[in-house]
*Asks:* 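Got a structure for you, written out below as structure tokens; questions coming shortly.
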2 protein chains.
Amino acid sequence: MLSTGCKYAIRSVLYIALNASEEKKIGVKEVSEVLEVPFPFLAKLMQQLTKAKLISSTKGPKGGFYLNEQDQSRNVLDIINLMDGIDKFQGCFLGLSKCDPANPCPVHFTVAPFKEEIMGKFRDKSIMEFAAEIRLTGRHITLKDIV
Amino acid sequence: MLSTGCKYAIRSVLYIALNASEEKKIGVKEVSEVLEVPFPFLAKLMQQLTKAKLISSTKGPKGGFYLNEQDQSRNVLDIINLMDGIDKFQGCFLGLSKCDPANPCPVHFTVAPFKEEIMGKFRDKSIMEFAAEIRLTGRHITLKDIV
DNA sequence: TTAAAAAAAGATAAAAAGGTCTTTTATTAT
DNA sequence: ATAATAAAAGACCTTTTTATCTTTTTTTAA
Ligand code: FES
Ligand code: FES
């Protein structure tokens, strides 16, 4: 469905949303340990996220990652779009050049409604709204707390 | 979304459903040319489909691929399951060990309804029903007829 | 019964995704 | 100023996916 990098990225951003702030930044090390994700790989992903301005960072001691105000209003679709490209949802399910209702592939009308709706869901809910829900209902981001 | 092999496989099976029969079998060559898919790669995929009894074949002159009665009642989900594995839909969207409503990840309730429904759609409609619809409405499987 | 046709099988190669390691740059506290 | 810290950058390695090539087996028709 999504690339592993993309999955890691979503979980990381949510973890940062939940646990970091401009005063208490969080490093790659902590994130990679808590989420059980390979450190160097995650570091690359975080760099990408930072360059794309989906998360913020500062170097040096007391440095790390956090979400500034703009970052907080981003949504999950922004992350998917950055990591895997929006075509993962917008493109034709069977890989034909364009997904076009005027020129539909055999499964177009089977999948199109879902593609639309799921993109909507991931666009309309901000990272912070997700974080609030996680805090409220105790959803897990890590493998550890499942057992 | 799906692997390229899986997409090729679905399109090929539909093409065979539409154009082949036990009397008029179709070879890899024709399928690869019409669908614009690399011949040797497609040959491998067809072997897999044959071994899994999703399509039928005979060797030698006048040989080729076709769908027997059992094959015709198969569905798209069978193909996806063979090529990519059912976890592509059943597994957790964020890659956590198990997708379990009792222990949901942050996006579980956002995506779970879609996963269920789309699997249903692809399970409940047989290959031949898809073929009939294609014949009726003129859906395209190839890139050529789009322009 | 032989030659041609076509799938099956298996070995190999190229490209992409996933993952690691090393060096550089920026920041902060001492 | 200096040492320590942590991200940024870039080179590198491994595995999986995608694709190709070659040989073998089966079948049919002449
Ligand atoms: S044309 Fe294939 S999904 Fe829309
Ligand atoms: S637990 Fe993640 S999608 Fe169900």
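Everything quoted here is computed from the prediction, not taken from an experiment. Chain letters run A, B, ... following the sequence lines, proteins first, then strands; residues in each count from 1.
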*Asks:* Calculate the interatomic distance between B:Asp84 atom CG and D:dT16 atom P; express it in whole Å.
*Replies:* 16 Å

*Asks:* Going by the rule side-chain hydrogen bond (donor to acceptor under 3.5 Å, both in side chains), which residues pair with B:Glu117 if we only count those two or more places apart in sequence or in a different chain?
*Replies:* none

*Asks:* So, using salt bridge (Lys or Arg N to Asp or Glu O under 4.0 Å) as the criterion, who are the partners of A:Lys29 when residues are at least two apart?
*Replies:* A:Glu33

*Asks:* What residues, two or more places apart in sequence or in another chain, satisfy salt bridge (Lys or Arg N to Asp or Glu O under 4.0 Å) together with B:Lys53?
*Replies:* none

*Asks:* Assign A:Lys44 to base, sugar-phosphate, or nothing according to its heavy-atom contacts below 4.0 angstrom with the strands shown.
*Replies:* base

*Asks:* Please evaluate residues B:Thr50 and B:Gln47 with respect to the criterion side-chain hydrogen bond (donor to acceptor under 3.5 Å, both in side chains), reporting the C-alpha separation (whole Å), side-chain torsions for both, the decisive distance (0.1 Å), and the verdict.
*Replies:* CA-CA 5 Å; B:Thr50 307; B:Gln47 282 176 33; over 6 Å; no

*Asks:* Name all pairs fulfilling the ring-ring contact (aromatic ring centres under 6.0 Å, His included) condition that reach into residues 86-138 of chain B, sequence neighbours left out, sorted by first residue then second.
*Replies:* A:Phe93-B:Phe122, A:Phe122-B:Phe93

*Asks:* Nearest-Å distance, NZ (B:Lys25) to C1' (D:dT28)?
*Replies:* 10 Å

*Asks:* Whole Å only: how far is the CG atom of B:Leu42 from the P atom of D:dT18?
*Replies:* 14 Å

*Asks:* Give B:Pro38 one of three labels, base, sugar-phosphate or nothing, depending on what nucleic acid heavy atoms sit under 4.0 Å from its own.
*Replies:* sugar-phosphate

*Asks:* Only pairs under 3.5 Å count here: list side-chain donor-acceptor contacts from residues 55-67 of chain A, not counting sequence neighbours, and write none if there are none.
*Replies:*
| residue | atom | partner | partner atom | Å |
| --- | --- | --- | --- | --- |
| A:Ser56 | OG | A:Asn68 | ND2 | 3.1 |
| A:Ser56 | OG | A:Asp71 | OD2 | 2.5 |
| A:Thr58 | OG1 | A:Lys25 | NZ | 3.4 |

*Asks:* Say whether B:Val111 and A:Met119 are linked into one hydrophobic cluster, either directly or through other cluster members, by side-chain heavy-atom distances under 4.5 angstrom.
*Replies:* yes

*Asks:* Sequence neighbours excluded, which residues qualify as ring-ring contact (aromatic ring centres under 6.0 Å, His included) partners of B:Phe39?
*Replies:* none

*Asks:* For B:Glu30, give me all partners under side-chain hydrogen bond (donor to acceptor under 3.5 Å, both in side chains), at least two apart in sequence or on another chain.
*Replies:* B:Tyr15

*Asks:* Do any pairs count as a salt bridge (charged side-chain N to carboxylate O under 4.0 Å, His left out) and have a residue in residues 82-96 of chain B, sequence neighbours left out, and if so which ones?
*Replies:* B:Asp84-B:Lys88

*Asks:* Does anything in residues 47-74 of chain A reach DNA chain C, meaning a heavy atom under 4.0 Å, and if so which residues?
*Replies:* A:Lys59, A:Gly60, A:Pro61

*Asks:* Which ones in residues 85-94 of chain B lie close to DNA chain D, meaning a heavy atom under 4.0 Å from one of its atoms?
*Replies:* none

*Asks:* Nearest-Å distance, CZ (A:Phe41) to P (D:dT15)?
*Replies:* 15 Å

*Asks:* Applying salt bridge (Lys or Arg N to Asp or Glu O under 4.0 Å), can you list everything that pairs with A:Glu133, at least two apart in sequence or on another chain?
*Replies:* A:Lys125

*Asks:* Give me the first and last nucleotide of DNA chain C, going 5' to 3', that has any atom under 4.0 Å from a heavy atom of chain B.
*Replies:* C:dA4 to C:dG10

